[in-house]
Amino acid sequence: MSSTATAQPGVMARLLDGIERVGNKVPNPTVLFVYLIAFVAVLSALLAWAGVSVTDDVVVPVPNEEFAAISEHLGGTYSLYDSTTGEPATLPEFVVVEQEFPVRSLLSIEGLRFFFSSFVDNFSGFGVVAVVLISMAGVGVAEVAGMMAALIRRVVKVAPARWLPFILIFVGVLSSVATDAGYLILIPLAAAAYASVGRHPLAGMAGVFAAVGAVFGVNLLITPSDSMLTEITNDVLGTLGMETINVTQNFYFSIVSSLVLAVVVTFMTTKFVEPRLGTYDPKEAGDSSAPAEEIDAAAEARGLRFAGWTALGVLVLVLALSLPPGAPLRDPATGDLIGTTPFMASLIFVISLAFLLCGIAFGRGAGTLKGGNAIVGAISSTFGTLGGLLVMFLMIAQFIALFNWSNLPTVAAVEAAQLLEQASVPALVLLIAFILVILVLDIILPGLIPKWAIFAPVFIPIFATLGVAPQTLLAAYRVGDSPVNVVTPLMVYLPFIVTIAQRYVKKSGLGTVISLMLPYTVVILLTWTALFVVWFLLGIPWGPDAPVEIT
């Protein structure tokens, strides 16, 4: 850790320091993913040669658009009828089908063909690249203009110092409503906020990273992820003839988990991570020769006023586009604002646009941005700092695509599911085992939604036979899915987090981040699992009309 950190006796401190040393000796993440691709290629070839495969029920979308196109082509006369009742039938959004998943060799002719023909598409279809560029365009203008630093100084001045960690961490927990915005905007902001008050920036970064990533599955609000999880669950329940659930079925548990885990992450940051990091020395950033920044308080205040009025204008615009009935950002079919709607889909762009416009306004008010060339230059300079990150994303995109094509993640997931299915133990023990299985599989298969699409058809029927309601299984799934997000090498934003750490401690590497985040993973998992167990034993409803057991 920091060269100025005080010595920390004890096994835990030595273990984490060892993890940091070993982790920082790991090759550059870009090179590491090249090695991982080679390893997966050899492993897939061996398992394919051995004929390894699994059969599983999976949720697949029904091609409703294709059926609608056929009907329109036939003049709108094509209709579907139930063969039993003779009544008109409505196609579901998803159906459950049985599929075989053999391990496919990446070293076969088919595998090599996929590798060469999909290389460009794998990268162009890697959505996180576009999200990073769009988000950082707005943030970059605000940062170059000086608005971010001014805003941090103002927040730090107004907020009591002892409340700063909790405020940042709690906002990090809530940021999952905007998915990627927490990673790209809030984590760098937290590191800068800590540095501005003389606290170690890596502590601020780690605390908010834990809040954003390791507590991702819950929120005080209904998120787009809740809607997608509910939709997949209901499609499985429909095929089983069971009563469907609504999007609020985990709402009570989600609220309590958000509050409890925000407190736990704050405690870990202030009582464990900060003492271990020690006192921050700006020389560790490698730019100690830079002159001290001179602040024009009057210009800064004027810039913040301009930015504040602009933010208000953006808010009014967004409200006008979302609140009235039939507004552009509402769902055109249902009129919903929250869920899988245009409003939720546009949050990243709206946030980036707000930062862009507020940064321009601040620059005009403070005199730090003059003319369009300065604005374009700010965006260009921001993109220039992302070159190494984009190269990492190139290799990550290839690894994920090749790994998924080989069917190795699916085979591992189904085999683990079958082990749990064969275990003859009480429901609570099986639920805890399910949490641990999800936790392990999240290392190789991150992503809240894709894993549930695989697991829901397998586990919902198993636990239904034990009287466990689907909302109970979904709550357990949330507990197991998130804690490992902050330490798995397959987390797409991990290279970005390493880049943030290197801004403040030049020698930081992958090992630095993992050694910082591993204690959060362990403590969050234990706390969250304990909360789940107590909740289950007390029989508290997970949400409105959402009992623990099937009624």
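Atoms considered below: every heavy atom in the structure, side chains included; atoms not considered: hydrogens, waters and symmetry mates.
- Residues L474 and L229 have side chains in contact (heavy-atom distance under 4.5 Å, counting atoms from C-beta outward).
- Residue L323 comes nearest to A327 through the heavy atom pair N-CB, 4.3 Å, listed as atom of the first residue, atom of the second, then distance.
- Of all the heavy atoms in A427 and V468, the pair that sits closest is CB-CG2, 3.7 Å.
- Taking 4.5 Å as the limit, every side-chain heavy atom of M517 sits out of range of all side-chain heavy atoms of I497.
- At least one donor-acceptor pair under 3.5 Å links the side chain of S254 to the backbone N or O of N219.
- A476 is linked by a side-chain contact (heavy atoms from CB on, under 4.5 Å) to L431, F434, I435, F532, counting only residues two or more places apart in sequence or in another chain.
- With sequence neighbours excluded, no residue forms a ring pair (Phe, Tyr, Trp, His ring centres under 6.0 Å) with F496.
- Going from atom OG1 of T521 over to atom CG of L525 covers 8.5 Å, rounded to the nearest 0.5 Å.
- Annotation: side chain of Y183 is not in contact with side chain of I500 (no heavy-atom distance under 4.5 Å).
- Taking OG of S44 as the reference point, atom CG of L408 lies at 6.0 Å (rounded to 0.5 Å).
- The shortest distance between side-chain heavy atoms of P165 and Y194 falls below 4.5 Å.
- Between the CG atom in N246 and the CD atom in Q471 there is a gap of 9.0 Å [rounded to 0.5 Å].
- Shown here are the salt bridge (Lys or Arg N to Asp or Glu O under 4.0 Å) partners of R330, two or more places apart in sequence or in another chain: there are none.
- Residues that satisfy the side chain to side chain donor-acceptor pair (under 3.5 Å) test with T55, not counting sequence neighbours, are absent from this structure.
- Under the side-chain contact (heavy atoms from CB on, under 4.5 Å) rule, T230 has a single partner from N250, I245, T244, which is I245.
- Heavy atoms only, all atoms of each residue included: E274 and H200 are closest at OE1-N, 4.4 Å.
- Under the ring pair (Phe, Tyr, Trp, His ring centres under 6.0 Å) criterion, F536 pairs with no residue, sequence neighbours left out.
- One N or O on the side chain of T488 and one on the backbone of I443 form a donor-acceptor pair closer than 3.5 Å.
- Panel note: side chain S515, backbone G511; a donor-acceptor pair is recorded below 3.5 Å.
- W535 is linked by a ring pair (Phe, Tyr, Trp, His ring centres under 6.0 Å) to F253, W542, counting only residues two or more places apart in sequence or in another chain.
- Residue pairs satisfying the salt bridge (charged side-chain N to carboxylate O under 4.0 Å, His left out) criterion with at least one member in residues 460-469, sequence neighbours excluded, are absent.
- Residues meeting the side-chain contact (heavy atoms from CB on, under 4.5 Å) test with V260, sequence neighbours left out: V256, V264, T527.
- In this structure, P541 and Q249 have side chains that are not in contact, with every pair of non-hydrogen atoms separated by 4.5 Å or more.
- In this structure, F209 and L494 have side chains that are in contact, with non-hydrogen atoms separated by less than 4.5 Å.
- Atom OH of Y477 is separated from atom CG of D442 by 7.5 Å, given to the nearest 0.5 angstrom.
- In this structure, a donor-acceptor pair under 3.5 Å is present between the side chains of S118 and N122.
- Between G204 and A190, the closest heavy-atom pair is O-CB, 3.6 Å.
- Here CG of L516 is found 9.5 Å from CZ of F272. Values are rounded to the nearest 0.5 Å.
- Distance OG1/T269 to CG/L202: 12.0 Å, rounded to 0.5 Å.
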Next item on the list: Please lay out, stage by stage, how F170 and V263 fare under the test side-chain contact (heavy atoms from CB on, under 4.5 Å).
Entry: CA-CA 8 Å; F170 190 60; V263 172; over 6 Å; no
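- Residues meeting the side-chain contact (heavy atoms from CB on, under 4.5 Å) test with I460, sequence neighbours left out: T233, V236, L237, L240, W452, A456, L473.
- L186 places a side-chain heavy atom less than 4.5 Å from the side chain of L189.
- Of the possible donor and acceptor atoms, none in the side chain of R104 sits under 3.5 Å from a partner among the backbone N and O of N407.
- Around the CG atom of D121, the shell of radius 6.0 Å holds more than 12 heavy atoms that belong to other residues, nucleotides or ligands.
- Residues that satisfy the side-chain contact (heavy atoms from CB on, under 4.5 Å) test with P544, not counting sequence neighbours, are T248, F251, Y252.
- Inter-residue side-chain proximity for T472 and E549 is flagged as unmet; no heavy-atom pair is nearer than 4.5 Å.
- Between T266 and A262 the shortest heavy-atom distance is OG1-O, 2.7 Å.
- Using a distance-only test at 3.5 Å, with no hydrogens or angles considered, no donor-acceptor pair links the side chain of S482 to the main chain of V215.
- P275 and T270 make their closest contact through CD-O, 3.5 Å (heavy atoms, listed as atom of the first residue, atom of the second, distance).
- Between F459 and F463, the angle of the ring planes lies from 30° to 60°, which puts this pair in the tilted group.
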What donor-acceptor contacts under 3.5 angstrom involve side-chain atoms of residues 342-358, with partners at least two apart or in another chain?
| from | atom 1 | to | atom 2 | distance (Å) |
| --- | --- | --- | --- | --- |
| S346 | OG | P342 | O | 3.0 |
| S346 | OG | F343 | O | 2.9 |
| S352 | OG | I134 | O | 2.5 |
| S352 | OG | G138 | N | 3.4 |

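- Screening residues 465-489 for salt bridge (charged side-chain N to carboxylate O under 4.0 Å, His left out), with sequence neighbours left out, gives D226-R478, K451-D481.
- Checked by atom type and distance alone, the side chain of T529 never pairs as donor or acceptor with a backbone atom of L526 at under 3.5 Å.
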